[in-house]
**Q** 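Here it is: the structure, laid out below.
As the structure is a prediction and not an experimental result, all values here were calculated from the model. We use all heavy atoms of the structure for the numbers below, so side chains are in, but hydrogens, waters and symmetry mates are not. Lettering follows sequence order; numbering is per chain, from 1.
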Number of protein chains: 2
Amino acid sequence: MVRDDSKSENAASAKSGGTARSKKREETSARIVHAARQSFAKRGFHGTSTRDIASVAGTNQGLITYHFGTKDVLWRAAADNLFEEIGERLFDRLTQPQSADERENARESIREFVRFSAEYPEFFWLMVDEGKNADERLDWLISTHLRPRFEALSDYMLNALGYAEEDLPHVYYTLAGAASLIFAVAPECRQLTGIDPLKKETVERHADFVARLIIT
Amino acid sequence: MVRDDSKSENAASAKSGGTARSKKREETSARIVHAARQSFAKRGFHGTSTRDIASVAGTNQGLITYHFGTKDVLWRAAADNLFEEIGERLFDRLTQPQSADERENARESIREFVRFSAEYPEFFWLMVDEGKNADERLDWLISTHLRPRFEALSDYMLNALGYAEEDLPHVYYTLAGAASLIFAVAPECRQLTGIDPLKKETVERHADFVARLIIT
DNA sequence: GTCTATAATTAGATAGAC
DNA sequence: GTCTATCTAATTATAGAC
């Protein structure tokens, strides 16, 4: 998702060392992507302006064009960046059994998913924001990131958890919704119920609540 | 939420009958509100332009200003309209017991809520869109619509379902998320899983799935 | 009441100086 | 690579004709 910069490594810059230049490039690019991730998550694609992103990244709007071309490409880069982190944080360790008790393994996997949902509400926001409209952003999101993850999860649910094939969509969306919503609307939850869902004890409470609900 | 129009019922229009004029006013206003509900739900507050709303309503942008003043006021009117329908569709019949079996009553209430979520994904979209940012739209939404509903539901969950006070937020958001997400991201679900969540049988399947999950 | 025209802002994208 | 200045289009809100 980062533009090929081999062409810009010209003779002039080669003297001072192409590595330093491309390092700075990547630093700036990364700052922009990070700011974009935050903004797109909180305000959605339409609610986010490239000027705001540049401002959060501590730079200017022109640089976004230079590094990414269009707002759409930047959005994809932000999504890539998010899913990269998600992969490391979640999917890799979700299928690793810890205990001899199958059901307790499953419960702990669900607890892990709830903890993840508290850490990365962005995932849920992105899913809801983009999942409700059939457009090319959704197409890209599914083929690039969602499908491989869903299929890995499906295998796990079929084999380790023993769900029936036709229940998979219900399990998947039920779990995702049950685990995530309370954190995704944290400001509302605070104001409406008086409790802060992002407090460590509350996260654990919710994790256990959902885990015991799904795996009795 | 409709602007007081008593002042515009002047002497000139009184001749042709104030009722006819105010009837037309309300029809136009209602068309705009209806279009606004659709657009705000699907695209969010920022992603929706008043011109698009006017176009869907079959009128022009100037009339929106005339009837509602600002985009923000129109958004409130759209939310009011949604919650009015929700009240009729859901909250009134949720607490009416049908069977002698307490657990089956609870299950049927949950099934009803799932069916409602399939019919009104707007509710979920609104909740997620506005619940993630602490701003004055959220304040208004909570104090005007969410709090009274949440307290009514809390009573029901405490008394009829026998949940503990400190579990209420977890029950509430778990149920809301579990019931709604699959319908809220219907296009994604179709493309990702191959099943259409809005098909009648699928709605019932999900309703039963969630109901049996929560009330074993 | 309804509509067209337009003002004032803001958006994404571009050009060019450094 | 970075930044400022600017173009074009779209936005909300306003003014005024009918």
Side-chain angles (χ1 to χ4, degrees), chain A residues 2-33 35-36 39-40 43-55 57-78 137, chain B residues 2-32 35-36 39-40 43-55 57-76:
Chain A
V2 172
R3 183 193 277 201
D4 184 333
D5 58 351
S6 57
K7 287 201 299 286
S8 63
E9 290 302 333
N10 55 27
S13 62
K15 265 182 281 185
S16 63
T19 335
R21 175 152 241 167
S22 78
K23 193 180 172 190
K24 188 165 193 186
R25 167 191 276 275
E26 274 163 40
E27 275 173 13
T28 305
S29 170
R31 260 189 6 256
I32 293 173
V33 168
S39 301
F40 282 135
R43 303 266 164 199
F45 183 81
H46 294 289
T48 299
S49 77
T50 53
R51 272 184 174 79
D52 286 345
I53 293 173
S55 164
T59 178
N60 59 79
Q61 195 224 0
L63 257 193
I64 290 184
T65 310
Y66 173 73
H67 281 282
F68 299 95
T70 70
K71 185 183 182 181
D72 209 79
V73 172
L74 175 57
W75 177 85
R76 282 167 161 81
R137 280 203 307 281
Chain B
V2 171
R3 183 193 277 200
D4 185 333
D5 59 350
S6 55
K7 288 201 299 283
S8 62
E9 290 301 333
N10 55 26
S13 61
K15 266 182 279 183
S16 62
T19 334
R21 176 152 236 165
S22 78
K23 193 180 173 189
K24 188 165 194 188
R25 166 190 277 275
E26 274 163 40
E27 275 172 13
T28 305
S29 170
R31 263 192 1 259
I32 293 174
S39 301
F40 282 134
R43 304 266 164 199
F45 184 81
H46 294 288
T48 299
S49 76
T50 53
R51 268 187 175 77
D52 285 346
I53 294 173
S55 164
T59 178
N60 59 79
Q61 194 224 1
L63 257 193
I64 289 185
T65 309
Y66 173 74
H67 281 283
F68 299 95
T70 70
K71 186 183 181 181
D72 209 79
V73 172
L74 174 57
W75 178 85
R76 282 167 160 80

**Q** Tell me whether the side-chain N/O atoms of A:Thr59 come closer than 4.0 Å to OP1 or OP2 in D:dC3.
**A**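 So the side chain of A:Thr59 is within the cut-off, an N or O lying under 4.0 Å from OP1 or OP2 of D:dC3.
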**Q** Using heavy-atom distances to pick each residue's nearest nucleotide on DNA chain C, tell me which of A:Asp52 and A:Gly62 is more 5'.
**A**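 Counting from the 5' end, the first nearest nucleotide belongs to A:Asp52.
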**Q** How are the rings of A:Phe45 and A:Trp75 set to each other: parallel, tilted or perpendicular (split at 30° and 60°)?
**A**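 Rings of A:Phe45 and A:Trp75: perpendicular, as their planes differ by over 60°.
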**Q** Specify the separation, in whole Å, of atom NE2 of B:His67 and atom P of D:dT14.
**A**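 B:His67 atom NE2 is separated from D:dT14 atom P by 16 Å.
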**Q** Which whole-number value in Å describes the distance from B:Glu26 CD to C:dT2 P?
**A**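 Going from CD in B:Glu26 over to P in C:dT2 covers 12 Å.
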**Q** Please state how far atom CH2 in A:Trp75 lies from atom P in C:dA13, giving the value in whole angstrom units.
**A**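 So the two atoms are 15 Å apart, to the nearest Å.
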**Q** OP1 or OP2 of D:dT11 versus the side-chain N and O atoms of B:His46: is any pair under 4.0 Å?
**A**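 For D:dT11, neither OP1 nor OP2 has a side-chain N or O of B:His46 closer than 4.0 Å.
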**Q** Counting just side-chain N and O atoms, does B:Ser49 come under 4.0 Å of either OP1 or OP2 of D:dT11?
**A**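 Yes, because at least one side-chain N or O of B:Ser49 sits under 4.0 Å from OP1 or OP2 of D:dT11.
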**Q** With a 4.5 Å cut-off on side-chain heavy atoms, are B:Tyr66 and B:Arg25 touching?
**A**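 Yes. Closest side-chain heavy atoms under 4.5 Å.
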**Q** Take the protein atom CG of B:Asp72 and the nucleotide atom P of D:dA13, then report the distance between them rounded to whole Å.
**A**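 So the CG-P distance, B:Asp72 to D:dA13, works out to 8 Å.
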**Q** How many whole angstroms separate atom OH of B:Tyr66 from atom P of D:dA17?
**A**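 It is 17 Å, rounded to the nearest whole Å.
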**Q** Side chain of B:Asn60 only, heavy atoms from C-beta on: which candidate in D:dG1, C:dC3, C:dG12 is closest?
**A**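 Out of D:dG1, C:dC3, C:dG12, the nucleotide with an atom closest to B:Asn60's side chain is C:dC3.
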**Q** Would you kindly give the CD1-to-P distance between B:Ile64 and D:dT14, to the nearest whole Å?
**A**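 Rounded to whole Å, this separation is 14 Å.
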**Q** Output the single nucleotide from C:dC3, D:dT2, D:dG1 whose closest atom is nearest the side chain of B:Leu63.
**A**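 So the nucleotide nearest the side chain must be C:dC3.
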**Q** Is any side-chain heavy atom of A:Lys71 closer than 4.5 Å to a side-chain heavy atom of A:Phe40?
**A**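 In contact.
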**Q** For the residue pair B:Ser55 and B:Asp52, confirm or rule out a side-chain donor-acceptor distance under 3.5 Å.
**A**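 On atom types as modelled, these side chains do not qualify, holding no pair under 3.5 Å.
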**Q** Return whichever of A:Arg51 or A:Gly58 has its heavy-atom-nearest nucleotide of DNA chain D closer to the 5' end.
**A**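 Result: A:Gly58.
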**Q** How long is the line joining CZ of B:Arg31 and C1' of C:dG1, in whole Å?
**A**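 Distance check: B:Arg31 CZ to C:dG1 C1' gives 12 Å.
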**Q** Just how far, in rounded Å, is P of D:dA15 from CD of B:Gln61?
**A**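 In whole Å, D:dA15 P and B:Gln61 CD are 14 Å from each other.
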**Q** Would you say a side-chain N or O of A:Thr50 is under 4.0 Å from OP1 or OP2 of C:dG12?
**A**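 For C:dG12, OP1 or OP2 has a side-chain N or O of A:Thr50 closer than 4.0 Å.
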**Q** Just N and O in the side chain of A:Lys24: are any of them under 4.0 Å from OP1 or OP2 of D:dG1?
**A**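 Answer is no, no contact under 4.0 Å.
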**Q** Closest heavy-atom contact between B:Thr50 and B:Ile64?
**A**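 That closest heavy-atom pairing would be O-CD1, 3.3 Å.
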